[in-house]
Amino acid sequence: MPILRIAVAKPLRTTFDYLPPLDCDDASIAKLQPGTRIEVPFGRAQLVGILVNRAPESEVNQTKLKRATRIIDPISLLPKPLFELCLWASQYYAHPIGEVLTLAFPPLLRKGVETNAPHNAIKLTPEGRLAPQGILRSPKQAALIERLQRHEATRSALKAEGFSSSIIKALIDKGLAIPCRIEDSEFSPSESDPQPRLNSQQQFAVAQLSQHAGFKASLLYGITGSGKTEVYLQTIANTIASGAQAMVLVPEIALTPQTAARFQGRFGACVGVLHSGLTETQRAREWERARTGKLQVLLGTRSALFTPFQNLGLIVVDEEHDSAYKQQDGFRYHARDLAVKRAQIEQCPIILGSATPSLETISNVNIGRFEQYTLNTRAKAASLPSWQIIDVRQQSLEAGLSQTLIDACHHTLGKGEQALLFLNRRGFAHTLLCHDCGWVAECDNCDSRMVIHKRHNRLRCHHCQAQKPLPKTCPSCHSNHWQGVGYGTERAELALQSLFPHTPIHRIDSDTVGSASQLDHVLDAINANQTGCLILGTQMLAKGHDLAKVTLVGIVDTDALLFSSDFRAEERLGQLLTQVSGRSGRGDRPGTVMLQTHHPDAEIFHQVIHQDYRETASSLLHARHQTGLPPFGQIVMVHADSKDPSEAERFLNSARHTLTSSLPQNHVLIGPLPAPLSKRAGKFRYQLTWLAPHEKNLHRFVHSIADTLTRLPHKSELSWAIDIDPHDFL
DNA sequence: AGCACGCCGACT
DNA sequence: GTCGGCGTGCTC
Ligand SMILES: [Zn+2]
Ligand SMILES: [Zn+2]
């Protein structure tokens with residue numbers, strides 16, 4: 001008796017065997033493809049399961065076998081390559097198969113909804129198309145057939161042409177026509193923006209990237225303003241011309257209406273966008289358009305990676321170094337890495353673009369696994385910015401700004417130009433300190449200090465949801481002599497307003513700019529400014545937004561990154577400095593970057609300033625090589641947290657025991673150690689770090705470890721997770 | 001993850 | 001005597 005092996009969207013690392021539904025004959029069972037959605041009874045619930053494979057018989061006790069309720073999809077909606085990718089990812093990241101496969105479906109379809117969007121149109125059946133003239137006695141019906149011979153049409157269009165719904169129904173009842181769906185976009189083609197001329201580097205890159213049809217991974221290394229996007233656009237145009245589809249991934253923060261408009265302006269209605277603001281129905285609609293080949297370009301963030309395509313011919317991952325591609329909880333996949341895997345499975349080219357590529361990608365270029373194309377001429381800039389390090393030791397600072405930087409701002413504003421101040425900390429001040437006794441406001445649920453937010457007059461924890469009003473008096477000594485320590489963007493904004501009373505100041509952080517479209521708004525206002533303004537912002541500003549009038553960039557404080565315990569801190573600092581400095585000096589004016597620091601001699605600063613990013617990267621890579629850290633080795637991190645102060649540590653200790661016995665000599669286990677943020681949202685956090693040399697079979701190890709961990713006795717309030725290739729140690 | 005089964009403390 | 005605590009194990 002044939003058996004269906006089905007995965008369900010639960011954190012269970014197995015598939016479940018089911019008997020086929022009763023109304024299903026052997027021939028149709030034999031035709032079922034992996035990825036088919038099948039409704040099954042599971043425990044006491046009815047779930048949408050996903051077929052993983054078929055088997056002649058089951059090892060499960062016959063009496064336990066249940067019968068699947070119904071085959072939802074007559075044919076699988078997941079193309080083979082995508083199914084294969086999910087399987088691979090489930091293995092590699094040791095994540096339950098059902099939870100991975102479910103990501104390949106939009107939320108609407110996970111609930112078992114039929115894929116077919118509501119029918120809004122009519123087309124002829126094969127019989128209808130071949131129907132000889134005069135077979136119908138009704139002239140109206142014959143006219144409709146003739147009309148439909150030319151083209152399928154929407155019901156509303158037909159109604160406008162004088163065909164009533166009873167005529168339509170008559171044809172459908174006779175089996176000559178059937179309802180179908182026509183997407184709005186298919187009948188509204190629009191004018192497309194012209195293709196700008198490319199410089200010779202861009203031309204070369206487009207030619208090389210378009211040449212190859214099979215798998216080929218390429219780094220597009222293009223400094224800020226060198227026109228990476230135009231290379232994507234023209235390569236995509238070639239892909240479309242060859243009849244294939246393209247998938248473009250961008251970091252969440254970069255998926256603004258402006259970005260979408262650039263793609264839509266070029267390719268019109270055949271562009272689909274998957275952004276977080278879509279309703280479930282809209283999301284399902286775009287998914288279906290990609291799957292059935294009705295769109296040629298899909299623009300989306302991390303999760304768009306799992307969209308099915310009819311004929312995928314190109315993948316683009318923009319800002320490939322961005323850590324937003326790594327999912328930080330649940331299924332902790334890295335969309336850039338999986339995108340490369342997908343390109344390999346789909347046998348299509350992939351472009352990874354960045355001005356500051358990740359060390360992983362640079363290393364892949366070095367060993368010849370990836371090609372590299374370079375764009376190093378800025379379209380509108382005379383020269384690269386000049387750097388100045390400001391040693392702030394012993395200097396008196398006003399609002400965290402040195403006099404040198406303040407003077408430079410005045411000078412820039414005096415010329416009617418713009419200055420951008422980069423401060424990677426939001427809120428007012430990062431610590432509330434009692435000046436009389438030294439008491440500091442800490443979060444009750446986390447091992448961290450609460451940040452002062454002046455506008456709401458509250459203390460907020462940036463690691464959990466906790467917040468409370470600012471205390472009037474010190475709980476320890478009842479003094480009211482408070483001091484705010486440190487500068488966040490909110491405080492810097494206030495200080496700047498008194499320092500520059502007549503200058504517009506735009507503050508850009510996640511407290512002032514909640515969505516991508518709001519960001520677009522502020523950026524428009526900045527670009528429209530003619531008389532000079534100050535821009536104050538966090539991380540959000542580092543990305544390649546176009547700020548044409550900025551000639552001065554001030555980096556207020558990045559010293560914290562110099563001492564981070566995280567092994568990627570230096571890489572991130574290098575990328576941040578390079579990206580932020582790229583904001584300076586477009587147009588015909590050269591830019592200046594001023595860096596304030598208490599550590600003017602730090603190696604990384606001088607590397608970034610005096611060397612090309614690639615040289616900085618190669619010395620960072622050298623250090624990684626010495627220590628066996630990625631990309632020269634692999635890290636597996638086992639996290640555990642619990643409300644009980646010692647439970648997580650105890651659990652990881654027993655995890656370590658089971659690991660030690662089965663691990664080869666050259667693998668290293670560190671910990672369990674308290675996480676750098678040792679308490680978060682009321683839970684005590686520990687982690688066990690596992691350093692492994694590169695080997696193909698690591699995922700087998702990890703898989704069996706995950707299995708043993710599941711069986712390890714633990715209190716119900718303890719939760720644990722495995723993070724393959726973790727992005728940081730937090 | 002949910003959910004049921006099951007075995008010990010403090011209530012009517 | 002029972003109501004319910006959550007520890008343990010299962011879901012085809
Ligand atoms: Zn005090
Ligand atoms: Zn907190």
Side-chain angles (χ1 to χ4, degrees), chain A residues 1-24 26 29 32 34-73 86-87 89-90 93-105 107 110-112 327-333 638-655 658 681-685 703-723:
Chain A
M1 190 178 304
I3 289 297
L4 307 174
R5 296 238 147 97
I6 291 174
V8 292
K10 301 260 161 180
L12 304 169
R13 290 164 197 283
T14 45
T15 54
F16 293 85
D17 291 356
Y18 284 89
L19 298 166
L22 276 172
D23 58 357
C24 208
D26 284 5
I29 293 163
L32 288 179
T36 304
R37 292 179 304 156
I38 299 175
E39 189 182 326
V40 291
F42 189 78
R44 50 180 31 245
Q46 282 291 119
L47 295 181
V48 175
I50 296 160
L51 182 65
V52 172
N53 55 28
R54 284 171 281 116
E57 53 194 294
S58 175
E59 271 117 67
V60 178
N61 190 330
Q62 293 285 321
T63 58
K64 284 169 89 183
L65 279 183
K66 288 185 186 168
R67 199 169 280 285
T69 313
R70 126 189 118 102
I71 312 284
I72 300 174
D73 304 319
C86 290
L87 228 53
S90 156
Y93 290 104
H95 198 80
I97 177 71
E99 290 193 339
V100 177
L101 279 171
T102 198
L103 281 187
F105 293 90
R110 290 174 204 166
K111 300 173 197 155
Q327 175 122 43
Q328 292 291 6
D329 51 74
F331 175 28
R332 303 178 175 229
Y333 65 100
V638 188
H639 300 268
D641 61 58
S642 166
K643 288 195 168 145
D644 183 294
S646 55
E647 184 59 19
E649 187 180 22
R650 195 201 57 74
F651 174 81
L652 288 181
N653 262 319
S654 46
T658 53
K683 289 177 164 182
F684 293 87
R685 313 162 73 230
H703 224 257
S704 75
I705 296 310
D707 273 351
T708 23
L709 290 188
T710 336
R711 274 181 233 118
L712 222 52
H714 59 260
K715 293 197 176 151
S716 54
E717 39 114 55
L718 178 132
S719 63
W720 60 272
I722 288 182
D723 191 350

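Values below: every heavy atom of this structure, side chains too, minus hydrogens, waters and symmetry copies. Lettering follows sequence order; numbering is per chain, from 1.
- With 3.5 Å as the limit, one finds a donor-acceptor pair spanning the side chains of A:N61 and A:T63.
- Protein atom CZ of A:F42 is 11 Å distant from nucleotide atom C1' of B:dC3, rounded to whole Å.
- Rounded to whole angstrom, the span from the NE2 atom of A:H95 across to the C1' atom of B:dA1 amounts to 11 Å.
- Atom CD1 in A:I97 sits about 18 Å away from atom P in B:dA1, given to the nearest Å.
- Counting non-hydrogen atoms under 4.0 angstrom, A:L12 reaches a base of the nucleic acid.
- The side chain of A:P11 has B:dA1 as its nearest neighbour among C:dT11, C:dC12, B:dA1.
- Atom CD1 in A:I6 sits roughly 16 Å away from atom P in C:dT11 (whole-Å rounding).
- Nearest heavy-atom pair, A:R5 versus A:E57, reported as atom, atom and distance to 0.1 Å: NH2-O, 4.0 Å.
- Rounded to a whole Å, the CG atom of A:L51 is 14 Å from the C1' atom of C:dC12.
- What you find for A:I71 and A:D73 is that their closest heavy atoms are CG2-O, 3.4 Å.
- Closest to the A:K10 side chain, of the nucleotides B:dA1, C:dT11, C:dC12, is B:dA1.
- Counting only N and O atoms by type, the side chains of A:T15 and A:D17 include no donor and acceptor under 3.5 Å apart.
- Per the geometry, CG belonging to A:N53 stands 14 Å off C1' belonging to C:dC12, to the nearest Å.
- As a whole-Å value, the separation of A:R54 CZ from C:dC12 C1' is 18 Å.
- In the set B:dC3, C:dC12, C:dT11, B:dC3 carries the atom at the smallest distance from any side-chain atom of A:R44.
- Distance CG (A:L65) to P (C:dC12): 10 Å, rounded to an integer number of Å.
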